[in-house]
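All values below come from the heavy atoms of this structure, side chains included, with hydrogens, waters and symmetry mates left out.
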Amino acid sequence: MILTKAQYDEIAQCLVSVPPTRQSLRKLKQRFPSQSQATLLSIFSQEYQKHIKRTHAKHHTSEAIESYYQRYLNGVGRNGTAPVLLELANEVDYAPSLMARIILERFLQEHEETPLPPFVKVNLLIALDLLLSTSCQNSSRRSLKQVDRPLQSSIKHTKTEFIGL
């Protein structure tokens with residue numbers, strides 16, 4: 001079925017009032033049964049990305065970063081097992097993964113004395129972790145455990161030395 005601009009706008013308008021969760025996606029499916037799950041998921045994703053792009057600057061002011069970091073530390077201090085990061089991200093209506101990145105960059109800024117800025121370190125950690133996980137996926141788990149353990153250990157050690165952790 002072809003989706004008209006009016007239908008897209010109606011679906012997008014519904015998304016404004018719901019949090020980005022799977023339950024919200026189920027509600028959308030109930031409200032718009034003529035649309036496929038894939039179509040609704042695509043619109044859901046596009047609108048959420050637009051929201052994140054619109055609010056990115058607001059969440060990256062020095063005041064906001066410091067506030068998030070202190071709230072995170074206080075929350076972890078009160079209850080180390082609580083999902084503090086997820087709750088904080090939901091409270092300020094920001095993606096949990098991006099909130100984690102803000103907290104990690106702020107932590108590195110406070111605890112590291114290296115010439116690399118925190119965002120560069122985070123990018124390197126992500127890239128090296130992706131490379132490591134890709135190489136592990138290409139090997140069977142059995143051979144990785146039996147044959148490549150020194151290689152895996154060496155890569156992890158190199159990763160740690162490279163980043164300076």
Side-chain angles (χ1 to χ4, degrees), residues 1-111 117-141 144 159 163 165:
M1 175 180 188
I2 296 177
L3 184 70
T4 65
K5 172 81 168 120
Q7 290 171 324
Y8 181 96
D9 290 341
E10 184 181 359
I11 294 168
Q13 189 61 36
C14 283
L15 290 172
V16 171
S17 61
V18 297
T21 63
R22 292 180 187 193
Q23 290 79 16
S24 300
L25 196 56
R26 288 187 196 109
K27 289 178 185 175
L28 274 180
K29 183 63 179 161
Q30 291 172 353
R31 180 148 182 213
F32 301 99
S34 62
Q35 300 301 326
S36 71
Q37 182 86 8
T39 299
L40 294 173
L41 182 59
S42 178
I43 295 170
F44 189 85
S45 296
Q46 288 175 354
E47 293 301 314
Y48 191 64
Q49 286 175 19
K50 286 179 190 176
H51 168 73
I52 294 300
K53 287 179 182 180
R54 277 192 307 268
T55 61
H56 178 81
K58 175 180 100 173
H59 295 291
H60 281 81
T61 64
S62 57
E63 295 83 18
I65 291 170
E66 192 59 34
S67 169
Y68 298 155
Y69 186 64
Q70 291 306 318
R71 289 169 63 185
Y72 172 77
L73 291 177
N74 291 339
V76 170
R78 281 192 307 269
N79 184 358
T81 61
V84 177
L85 195 59
L86 186 59
E87 291 170 356
L88 178 59
N90 288 336
E91 185 180 319
V92 298
D93 198 21
Y94 201 55
S97 59
L98 296 175
M99 181 60 70
R101 185 181 183 106
I102 288 172
I103 300 298
L104 179 59
E105 286 177 356
R106 176 61 182 84
F107 174 82
L108 290 173
Q109 182 181 24
E110 183 176 301
H111 291 90
F119 72 91
V120 173
K121 290 178 118 176
V122 171
N123 286 343
L124 287 172
L125 283 169
I126 291 169
L128 288 170
D129 190 54
L130 180 62
L131 287 172
L132 180 60
S133 66
T134 302
S135 70
C136 290
Q137 288 172 358
N138 290 340
S139 306
S140 70
R141 288 184 179 202
L144 183 63
K159 176 180 164 182
I163 300 301
L165 298 176

(message) If we count only N and O atoms by modelled type, under 3.5 Å, do the side chains of Glu66 and Gln70 hold a donor and an acceptor together?
(response)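 Yes, Gln70 and Glu66 have a side-chain donor paired with an acceptor closer than 3.5 Å.
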
(message) Under a plain distance cut-off of 3.5 Å, with no hydrogens placed, do Glu47 and Tyr8 share a side-chain donor-acceptor pair?
(response)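 Judged by distance alone, the side chains do pair up.
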
When rounded to the nearest 0.5 angstrom, what distance separates [atom1] in [X] from [atom2] in [Y]?
{"X": "Arg78", "Y": "Leu73", "atom1": "CZ", "atom2": "CG", "value": "11.0 Å"}
{"X": "Leu86", "Y": "Asn90", "atom1": "CG", "atom2": "CG", "value": "4.5 Å"}
{"X": "Asn74", "Y": "Asn79", "atom1": "CG", "atom2": "CG", "value": "13.0 Å"}
{"X": "Leu3", "Y": "Gln35", "atom1": "CG", "atom2": "CD", "value": "5.0 Å"}
{"X": "Tyr68", "Y": "Ile103", "atom1": "OH", "atom2": "CD1", "value": "9.0 Å"}
{"X": "Phe32", "Y": "Cys14", "atom1": "CZ", "atom2": "SG", "value": "4.0 Å"}

Grab the two heavy atoms, one from [X] and one from [Y], that are nearest each other, plus how far apart they are.
{"X": "Val84", "Y": "Arg71", "result": "CG1-O, 4.3 Å"}
{"X": "Thr61", "Y": "Lys58", "result": "OG1-O, 3.7 Å"}
{"X": "Ala89", "Y": "Met99", "result": "CB-CB, 3.9 Å"}
{"X": "Pro96", "Y": "Tyr48", "result": "CD-OH, 4.5 Å"}
{"X": "Ala95", "Y": "Ile52", "result": "N-CD1, 3.7 Å"}

How about [X] and [Y]: do any of their side-chain heavy atoms sit closer than 4.5 Å?
{"X": "Leu40", "Y": "Lys29", "value": "yes"}
{"X": "Asp93", "Y": "Thr55", "value": "no"}
{"X": "Leu25", "Y": "Gln37", "value": "yes"}

(request) For Gln23, look at atom CD and say whether over 12 heavy atoms of other residues, nucleotides or ligands are found less than 6.0 Å away. (result)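 Above 12, so yes.
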
(request) Going by the side chain to side chain contact (heavy atoms under 4.5 Å, CB included) test, name the single residue among Phe107, Tyr94, Tyr69 that passes it with Ile102. (result)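 The option that passes is Tyr94.
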
(request) Could you tell me whether a side-chain N or O of Ser42 sits under 3.5 Å from a main-chain N or O of Ala38, the two making a donor and an acceptor? (result)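 Looks like no, no N/O pair under 3.5 Å.
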
